[in-house]
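The structure appears below as structure tokens.
A, B, ... follow the sequence lines: proteins, then strands. Residue 1 opens every chain. All values below were derived from every heavy atom in this structure, side-chain atoms included, with hydrogens, water molecules and symmetry-related copies excluded.
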Amino acid sequence: MTTASSPSTGQTSPLSQLNDPQRQAVTHGNGPLLILAGAGSGKTRVITFRIAHLLSQGIAPWHILAVTFTNKAAGEMKRRVRELVGEPAHAVWVSTFHSFSARFLRLEHEAAGLPKEFSIYDDDDSTRLVKRVVKDLNLPERTYTAGVVKSRLSAAKDRLQDPRAYANLAHDDFGRRIAEIYAEYQARLQSAGAVDFDDLILRTLSTLETNESLRQRWQARFLHVLVDEYQDTNAAQARLVGILAEPERNICVVGDDDQSIYAWRGANIQNILGFAKTYPDAVTIRLEQNYRSRPNILEVAHAVVSKNLNRHPKKLWTDKHPGEKITLILAPDDWAEAEMVVGRIRLLRERDGLNGADCVILYRTNAQSRAFEEAFRRHSVPYVLVGGTRFYQRAEIKDVLAYMQLTINGNDEIALLRIINRPKRGIGEASQEKLIAACHAARRKWVDFLADSDAVAAAVGPRAAAAIAQLSLQLNRLKAERTGMGMSDWCKHLVETVNIKQIWEEDDPLQAESRRENVEELVAAIAEYETTTEAPSLSGFLEQVALVADIDSYDSQPEAVTLMTLHSAKGLEFPVVFITGLEEGLFPLSRSMEKPETLEEEYRLFYVGATRAKERLFLTYARTRHRFGPTGSMKSRFIEEIPRDYLDIENLIPDTTLEPGGLGYDAPGRTWRAGGFLNNARRGQSVVRRDSEPTLPRTGVAASLQAGTVIRHPKFGEGEVLAIRGAGDGTTCDIAFRSGFTKTLMVRFAPLEILRQ
DNA sequence: GCATAGATCTTTTTT
DNA sequence: AGATCTATGC
């Protein structure tokens with residue numbers, strides 16, 4: 001992670017490669033230890049060296065537990081420990097919170113009250129279950145939307161409240177209903193033999209807390225617990241590692257409050273800020289020397305994050321040469337922004353001898369990747385995209401996985417309902433509803449219920465009943481066949497027997513080909529798992545699949561520029577970083593601007609992004625952007641926070657001046673005209689590229705509306721604009737139509753044609 | 001039970 | 001604008 005020389009074996013003592021505070025942290029003896037490690041201060045180095053140090057002190061490797069958030073970070077940590085100590089590294093427990101918990105629950109499934117082969121529900125599965133529950137409780141789906149319910153449940157789980165505790169605290173009708181949903185959701189998980197992501201941690205915690213002898217056994221197992229990215233832990237996670245570290249309390253946590261960017265997922269910054277209160281005898285060590293970035297980059301990052309009120313005042317320092325100024329690129333729109341970035345990268349490659357793989361493009365939302373992908377393809381520059389729709393989330397993959405899952409856990413309701421009529425077997429929605437009602441009314445498990453042909457026949461018509469008998473038979477046969485063959489061959493066989501490809505043809509024949517390819521990739525992934533894992537098992541594979549993030553499998557490829565969100569970039573570093581889309585409402589995101597706490601998190605996100613850069617940092621702004629239609633925007637407040645001396649500004653917006661109060665742009669989405677836009681040759685090209693429509697983009701029309709404009713609407717006919725209200729995405733206009741009525745329309749959606757200004 | 005057209009929401013970030 | 005969900009008619 002640092003640019004300092006890599007640890008050489010032999011010769012010098014590893015400790016001589018460390019600075020004073022780093023060495024103190026590494027050699028700290030027993031008792032709680034808090035390491036406040038700024039960005040690029042050699043945090044991973046300290047953790048790995050500390051593990052090596054503990055081993056050298058005679059601690060057995062299996063007595064050490066190191067926990068991180070991503071599999072990638074865990075893998076990296078393991079690799080580096082192995083570099084330092086060789087084979088013993090193998091026996092050190094290095095894992096993520098979630099994979100540790102999954103492993104724990106497999107081992108202790110009885111005490112945890114779970115079947116051995118429990119399913120792990122990812123986000124999509126748990127959303128489906130929430131919807132199912134809301135429907136089965138006969139609650140209005142509009143009020144209790146999956147999004148609202150899930151955020152409530154997740155918040156409850158973050159606070160360690162079970163359904164009963166939640167119900168007791170509910171003070172209004174809505175809260176009581178949520179409590180009902182929560183209780184039913186958990187009951188359904190239980191009878192499906194499944195846990196969701198939050199439950200992995202919570203069940204591990206409650207199993208440890210309620211079972212004393214088991215707890216003592218696990219506590220004895222770990223004499224030293226090390227936690228990375230402690231600022232991102234939630235209540236359950238902090239408590240989990242706290243318990244495991246008892247009674248010795250050899251807990252070493254590493255983190256940086258300035259890099260806390262997961263509060264929205266329940267991370268509690270108080271865990272790190274209040275660590276010294278929880279452990280009064282904790283030793284605190286600060287790592288403030290940065291080995292990664294040029295001073296100019298650090299200054300800019302600091303200028304922004306230091307505006308936050310809720311933080312420990314601190315400032316990183318480095319003895320490097322200042323480096324170049326930060327380049328701020330002002331582009332007229334997102335298309336030009338992407339062009340500029342690609343152009344700069346080509347220049348860096350040709351003139352400065354940099355490799356594409358040295359560069360990363362960061363953005364706030366995944367949707368922004370598209371413009372860059374197009375630009376890279378236009379210019380034939382290789383790139384890798386991290387994130388977006390994950391491979392294992394794709395419908396065709398989840399279908400296959402659901403079949404596989406059902407052969408090991410036949411009670412998995414979500415998997416069952418996913419495939420019960422895919423491919424179509426004549427078990428339609430009505431039959432499905434009847435089955436669900438009957439199965440739950442009888443309080444039976446699915447395996448049991450479906451095998452009972454009388455019960456099924458009583459619930460649904462004869463055709464559906466026959467189809468269900470077929471399906472159960474098929475699943476049982478597949479299950480039996482599994483023992484006889486290799487996993488990947490079996491998967492291939494499954495895809496054939498079930499006739500999975502029929503699903504794709506039913507859904508969308510155009511995409512059938514790419515779906516087939518994806519499933520082939522899945523088979524290949526299983527084959528790889530099979531050959532590279534010590535004791536491969538189907539449930540092991542499915543678990544791995546549920547717990548991988550896209551970032552985990554990310555490896556920079558030769559020559560390829562990386563594209564990812566700011567969140568994904570945490571923990572990585574690149575010589576050249578582009579932070580893009582620096583516009584009010586996008587970064588910081590408008591939803592985050594409502595509350596001071598979430599706005600501060602955006603500042604930290606900027607800090608995380610900027611401190612990824614070793615040599616050069618570029619910031620880009622696009623005056624208009626195609627979001628739901630183009631919207632004009634003002635430059636991000638982050639830009640305003642940066643002292644001008646550090647900036648090299650490239651203004652590509654025509655007819656604007658850079659002046660004192662700002663960077664010279666017009667009010668959002670109002671003053672520029674579609675016509676003027678198109679007259680510019682370069683812009684014209686961009687518009688044609690983007691929408692193949694030969695006419696003016698509607699968006700341009702919307703932008704030139706003003707009171708008095710006469711328009712035509714395909715449905716309502718001719719009318720006159722009375723007023724424009726609001727700004728940005730939410731802009732509406734009142735229009736008086738000739739036919740006599742007045743209507744308020746969303747400017748960005750209304751298909752208006754301008755007749756007269 | 002299924003196909004189609006209309007309605008509605010979406011885009012924050014992820015284990 | 002586009003995807004996804006819902007309502008309706010066959």
Side-chain angles (χ1 to χ4, degrees), chain A residues 67-74 95-102 120-124 126-127 131 135 141-142 145-147 151 154 195-201 229 232-234 236-237 260-267 362-370 386-390 392-393 395 421 424-433 460-461 463-464 467 506 508 543-552 564-570 581 585-593 598 601-602 604-605 608-609 625-630 690-691 693 697-699 729 746 748-751:
Chain A
V67 194
T68 65
F69 275 89
T70 66
N71 293 297
K72 186 181 174 65
S95 71
T96 65
F97 276 100
H98 291 86
S99 58
F100 171 83
S101 300
I120 297 173
Y121 278 2
D122 67 16
D123 211 55
D124 178 57
S126 98
T127 302
K131 285 185 180 162
K135 197 174 217 169
E141 282 156 67
R142 285 177 203 290
T145 59
S151 68
S154 198
V195 290
D196 65 18
F197 282 149
D198 292 326
D199 283 354
L200 278 173
I201 316 279
E229 308 281 13
D232 289 332
T233 52
N234 63 21
Q237 290 158 343
S260 158
I261 53 173
Y262 284 105
W264 55 273
R265 212 171 67 190
L362 303 178
Y363 35 79
R364 180 65 236 265
T365 65
N366 276 308
Q368 288 163 257
S369 71
R370 208 164 134 187
V386 179
T389 315
R390 290 195 289 281
Y392 290 111
Q393 300 265 59
N421 203 28
K424 290 201 168 76
R425 311 184 158 83
I427 310 173
E429 219 172 311
S431 300
Q432 290 177 34
E433 294 295 332
V460 294
R463 274 170 70 166
E506 283 162 1
D508 181 357
E543 173 180 314
Q544 186 184 304
V545 161
L547 299 179
V548 287
D550 206 61
I551 189 76
D552 294 336
M564 63 170 85
T565 61
L566 287 145
H567 282 85
S568 296
K570 198 181 67 168
L586 183 60
F587 190 30
L589 203 64
S590 49
R591 275 184 63 170
S592 308
M593 286 154 59
T598 52
E601 186 146 310
E602 298 283 306
R604 295 193 291 268
L605 196 53
V608 167
R625 179 174 293 281
H626 281 239
R627 282 234 264 174
F628 305 101
R690 219 163 16 225
D691 347 52
E693 220 176 295
R698 170 150 70 248
T699 51
D729 282 359
M746 294 287 275
R748 70 181 201 273
F749 292 131

Inset, instruction - Give one of base, sugar-phosphate or nothing for A/F197, where a contact means two heavy atoms less than 4.0 Å apart. - result: base
Legend entry - Nearest-angstrom distance from the residue atom CD1 of A/I261 to P of B/dT13: 13 Å
Legend entry - Under 4.0 angstrom between A/S431 side-chain N/O and B/dG1 OP1 or OP2: yes
Legend entry - Pairwise P distance, B/dT13 and C/dT4 [rounded to whole Å]: 15 Å
Inset, instruction - Working to the nearest 0.5 Å, report the span between CZ of A/R265 and OG of A/S154. - result: 9.5 Å
Legend entry - A/N234 side-chain N/O to B/dT15 phosphate OP1/OP2 under 4.0 Å: no
Legend entry - 5′-ward residue of the pair A/S99/A/E602 relative to DNA chain B: A/E602
Inset, instruction - Taking only the side-chain heavy atoms of A/A367 (C-beta and beyond), determine which of B/dT15, B/dT11, B/dT14 contains the nearest atom. - result: B/dT11
Legend entry - Interatomic distance where CZ belongs to A/F69 and C1' belongs to B/dT14 [whole Å]: 11 Å
Legend entry - Minimum side-chain heavy-atom gap A/M593-A/E602 below 4.5 Å: no
Legend entry - Separation of atom CG in A/L362 from atom P in B/dT14, rounded to whole Å: 12 Å
Legend entry - Contact under 4.0 Å: A/N366 side-chain N or O vs B/dT13 OP1/OP2: yes
Inset, instruction - Have a look at A/K570 and say if it touches a base, only the backbone sugar-phosphate, or nothing, with a 4.0 Å heavy-atom cut-off. - result: nothing
Inset, instruction - Taking only the side-chain heavy atoms of A/N421 (C-beta and beyond), determine which of B/dT14, B/dT15, B/dC2 contains the nearest atom. - result: B/dC2
Legend entry - A/T70 side-chain N/O to B/dT14 phosphate OP1/OP2 under 4.0 Å: no
Legend entry - Length of the line joining A/D198:CG and B/dT14:P, which is rounded to integer Å: 16 Å
Inset, instruction - Would you mind reading off the distance between A/D199 atom CG and B/dT15 atom P, rounded to a whole angstrom? - result: 18 Å
Inset, instruction - Figure out the CG/P separation between A/L586 and B/dT10, and round it to whole Å. - result: 17 Å
Inset, instruction - Determine, answering yes or no, if A/W264 is stacked on B/dT13 under the 5.5 Å centre rule and the 30° plane rule. - result: yes
Inset, instruction - Determine the contact category for A/D122: base if any of its heavy atoms lies under 4.0 Å from a base atom, sugar-phosphate if only primed atoms, P, OP1 or OP2 are that close, otherwise nothing. - result: nothing
Inset, instruction - Check whether any side-chain N or O of A/T565 sits under 4.0 Å from OP1 or OP2 of B/dT14, and answer yes or no. - result: yes
Inset, instruction - Could you check how far CZ of A/R370 sits from P of C/dA3, rounded to whole Å? - result: 9 Å
Legend entry - Nearest atoms (heavy-atom pairs only) where A/I427 meets A/Q432: O-NE2, 3.1 Å
Inset, instruction - Describe, in one word, how the ring planes of A/H98 and A/F197 are oriented to each other, choosing from parallel (under 30°), tilted (30 to 60°) and perpendicular (over 60°). - result: perpendicular
Inset, instruction - Using a 4.0 Å heavy-atom cut-off across all strands, classify A/F97 as base, sugar-phosphate, or nothing. - result: nothing
Inset, instruction - Decide whether A/E601 and A/T598 meet the rule of one side-chain donor and one side-chain acceptor closer than 3.5 Å. - result: no
Inset, instruction - Nearest whole angstrom, please: distance from the P of B/dT11 to the NE2 of A/H567. - result: 15 Å
Inset, instruction - Choose from B/dT14, B/dA3, C/dC5 the nucleotide whose nearest atom is closest to any side-chain atom of A/K424. - result: B/dA3
Legend entry - Sub-4.5 Å side-chain heavy-atom contact between A/Y121 and A/D199: no
Inset, instruction - Under 4.0 Å between any heavy atoms, over every strand shown, what does A/A546 touch: base, sugar-phosphate, or nothing? Just pick one. - result: nothing
